[in-house]
Amino acid sequence: MKVTFENPDKVNGLMTITVEEADFKENVEKTLKNYRKKANIPGFRPGQVPMGLIKRQVGTSVKVDEINKLVGQEIYKYVQENKIQMLGEPLPSEKQQPVDVEKDAPYTFVFDIAVAPEFEIKLSGHDKVDYYTIKVDDELIDRQVDMYASRSGHYDKVEAYADNDMLKGDLRELDAEGNTKEDGVTVEGAIMLPNYIKVDDQKKLFDGCKLGDIITFNPKKAYPENLGEISSLLKISRDEAEKMEADFSFQITEISRYVKAEVNQELFDQVFGKDAVKDEKEFREKVAEGLKAQFVTDSDFKFIQDLRAHCEKKVGNLTFPDALLKRIMLQNNKDKGEDFVEKNYEMSIKELTWHLIKEQLVAAHNIKVEDADIREAAKEAARAQFAQYGMNNLPDEYLENYANDMLKKKEYVDNLVDRSIDRKLTEVLKNVVKLNPKEATLDEFNKMMEQK
């Protein structure tokens with residue numbers, strides 16, 4: 001077998017592989033013998049089918065399979081041994097001549113190989129990158145305490161409606177004269193939140209209503225663009241909801257008002273565990289501590305984004321094999337077509353550039369991701385997800401089980417590997433570049449992230 005590789009412009013590679021009969025003959029014969037042992041052909045006992053018949057039936061397809069397998073292995077072997085940084089998969093070249101495997105070897109195969117551009121990225125104390133710390137002030141602590149109080153609140157029964165109250169009552173469809181329609185739609189114990197009605201004149205019908213009042217309103221007018229809401233409220237299908245134009249009476253049987261939890265020992269225990277804090281001062285200190293820990297993750301994420309921008313500027317515009325990469329992208333997105341490729345190519349190159357930069361930085365600083373790192377990333381993701389719902393004191397065993405479920409799904413694992421790399425890269429590079437410390441409020445910080 002002979003392999004040659006041309007790469008005159010450093011990014012568009014052309015690999016030519018010439019396959020001789022001796023390269024695949026032994027494997028073809030071995031495969032055919034195995035096939036003969038298992039072949040079940042009428043008129044012949046198992047294992048006794050003439051080899052000539054086997055070759056006529058499957059000889060060519062077996063030969064093609066073995067050649068393809070051999071060529072694929074040779075491509076990746078050559079790429080690895082010669083340290084070629086290949087982008088995407090090799091594609092059959094437009095220079096490929098027809099190959100007739102019915103004839104004897106040699107056979108020649110030609111492939112286009114996209115090669116990563118050559119560049120070098122080095123970071124040191126001469127590189128200055130912003131590092132934002134989010135202020136944890138009294139206002140922010142107040143907001144967090146209020147959030148905990150809201151999540152731990154309860155509903156009280158009241159006599160009169162006010163904004164954000166929940167109403168429970170009986171719905172009845174009315175006829176043209178305003179009377180309850182015989183065989184009309186009736187829903188007992190229907191739940192309504194008038195504050196979510198988008199049309200003002202329908203929403204105002206509930207202003208000042210009291211227990212026992214009967215309100216007449218029109219669901220179609222109240223939710224003009226939300227068939228799902230009408231369907232759910234009236235317990236009818238979407239098709240029926242689309243045709244429903246009638247007014248309805250709603251007799252209020254219950255008014256519930258959500259009341260935030262008091263900031264007391266009961267709330268402290270719910271948030272941080274039994275007797276973890278003893279008074280409001282300790283509670284606020286613990287809240288501040290949690291916010292600071294949470295914001296380190298946010299600050300690090302912003303840092304890696306700013307570092308990325310710094311590195312991209314430092315390496316400048318790289319030259320890529322655009323035409324070939326577009327062919328590869330099209331090959332991977334056959335169902336989306338050329339318009340998709342053209343529309344998304346620039347962004348994919350931006351992501352590819354950062355991927356190549358990151359690969360160099362990871363190698364330069366000898367960063368390795370172990371299974372334990374991926375598991376810890378899964379637990380951190382679970383911890384952050386539960387923290388959004390105010391669940392901050394979950395047992396480690398529970399987090400482990402949640403992490404185990406995440407690690408069973410490949411799409412999660414790939415993401416967790418990336419997270420682990422970013423986290424380790426951040427830890428290392430914060431001690432390599434010169435940090436330019438900056439401070440921002442949470443609102444200012446979020447605004448910056450939205451702009452990104």
Side-chain angles (χ1 to χ4, degrees), residues 139-140 142-263 267 385 388-390 441-451:
E139 182 188 350
L140 190 54
D142 288 342
R143 281 158 61 178
Q144 189 72 2
V145 169
D146 186 68
M147 183 199 70
Y148 285 134
S150 295
R151 285 178 177 168
S152 300
H154 63 277
Y155 280 97
D156 280 347
K157 301 293 185 291
V158 294
E159 297 291 321
Y161 172 78
D163 267 0
N164 294 315
D165 285 352
M166 182 172 70
L167 301 179
K168 187 175 181 181
D170 300 330
L171 278 167
R172 289 180 174 81
E173 184 180 355
L174 303 178
D175 60 21
E177 284 73 41
N179 300 314
T180 299
K181 183 178 178 183
E182 191 176 346
D183 297 327
V185 174
T186 298
V187 182
E188 294 183 356
I191 302 293
M192 287 196 66
L193 294 163
N195 219 41
Y196 286 86
I197 294 175
K198 302 296 183 186
V199 181
D200 285 342
D201 62 348
Q202 293 292 310
K203 186 176 180 178
K204 286 177 181 176
L205 295 171
F206 294 85
D207 287 354
C209 62
K210 297 180 179 61
L211 202 62
D213 284 355
I214 299 175
I215 311 295
T216 299
F217 79 110
N218 188 295
K220 194 65 168 283
K221 292 177 182 176
Y223 309 104
E225 297 177 1
N226 197 334
L227 290 178
E229 186 73 36
I230 299 169
S231 171
S232 176
L233 178 64
L234 302 181
K235 312 297 183 192
I236 57 178
S237 69
R238 290 178 71 92
D239 289 341
E240 290 171 319
E242 191 168 9
K243 297 170 188 174
M244 179 60 71
E245 303 289 344
D247 286 345
F248 275 73
S249 67
F250 180 70
Q251 182 167 19
I252 301 170
T253 58
E254 191 177 284
I255 304 175
S256 300
R257 182 166 300 158
Y258 192 74
V259 180
K260 294 177 185 176
E262 290 185 32
V263 181
L267 180 64
Q385 190 167 337
Q388 291 177 358
Y389 301 100
T441 66
L442 179 60
D443 291 340
E444 289 169 343
F445 186 86
N446 287 339
K447 192 173 181 180
M448 282 189 286
M449 295 308 293
E450 284 171 12
Q451 288 170 347

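All values derive from a computational prediction rather than experimental measurement.
With rounding to the nearest 0.5 angstrom, the CG atom of Leu442 is 8.5 Å from the CZ atom of Phe445. Between Ile230 atom CD1 and Lys235 atom NZ the span is 14.0 Å, to the nearest 0.5 Å. To the nearest 0.5 Å, the span separating OG on Ser249 from CG on Asp213 amounts to 12.5 Å. Note that the OG1 atom of Thr441 and the NZ atom of Lys447 stand 10.0 Å from one another [nearest 0.5 Å]. For the atom pair CD (Glu254) and CG (Leu211), the distance works out to 8.5 Å, reported to the nearest 0.5 Å. Rounded to the nearest 0.5 Å, atoms NZ (Lys221) and CG (Leu205) are 10.0 Å apart.
Looking at Leu171 and Leu233, their side chains come closer than 4.5 Å, going by heavy atoms from C-beta outward. The side-chain heavy atoms of Leu174 and Thr216, taken from C-beta on, include a pair separated by under 4.5 Å. No side-chain heavy atom of Ser256 sits under 4.5 Å from any side-chain heavy atom of Val158. Residues Lys198 and Tyr223 form no side-chain contact, since every pair of their non-hydrogen atoms from C-beta on lies 4.5 Å or further apart. Residues Phe250 and Leu167 have side chains in contact (heavy-atom distance under 4.5 Å, counting atoms from C-beta outward). Gln202 is listed as a side-chain neighbour of Asn218, based on a closest heavy-atom distance under 4.5 Å. Counting heavy atoms from C-beta on, the side chains of Lys260 and Asp146 come closer than 4.5 Å.
Screening residues 169-191 for salt bridge (charged side-chain N to carboxylate O under 4.0 Å, His left out) gives Glu173-Lys181 as the qualifying pairs, with residues at least two apart or on separate chains. Residue pairs meeting the side-chain hydrogen bond (donor to acceptor under 3.5 Å, both in side chains) criterion with at least one partner in residues 154-169, sequence neighbours excluded, are His154-Asp156, Asn164-Asn195, Asp165-Arg257.
Proximity of a side-chain donor or acceptor of Lys220 to a complementary backbone N or O of Glu242 within less than 3.5 Å is detected. When atom types are taken as modelled, the side chain of Ser152 and the backbone of Tyr148 share a donor-acceptor pair closer than 3.5 angstrom. Between the Ser231 side chain and the Leu227 main chain, no donor and acceptor come within less than 3.5 Å of each other.
A salt bridge links Arg143 with Asp443: the closest approach of a Lys/Arg side-chain nitrogen to an acidic carboxylate oxygen falls below 4.0 angstrom.
Listed here is the closest heavy atom pair of Val187 and Leu234: CG2-O, 3.5 Å. The two residues Ile252 and Cys209 make their nearest non-hydrogen contact at CD1-SG, 3.5 Å. The two residues Val199 and Ala222 have their closest heavy-atom pair at CG2-O, 3.8 Å.
Dense packing is recorded around OH of Tyr258, with more than 12 heavy atoms of other residues, nucleotides or ligands lying under 6.0 Å away.
Less than 6.0 angstrom separates the ring centroid of Phe206 from the ring centroid of Phe217.
Side chains of Ser237 and Glu240: a donor on one and an acceptor on the other come within 3.5 Å.
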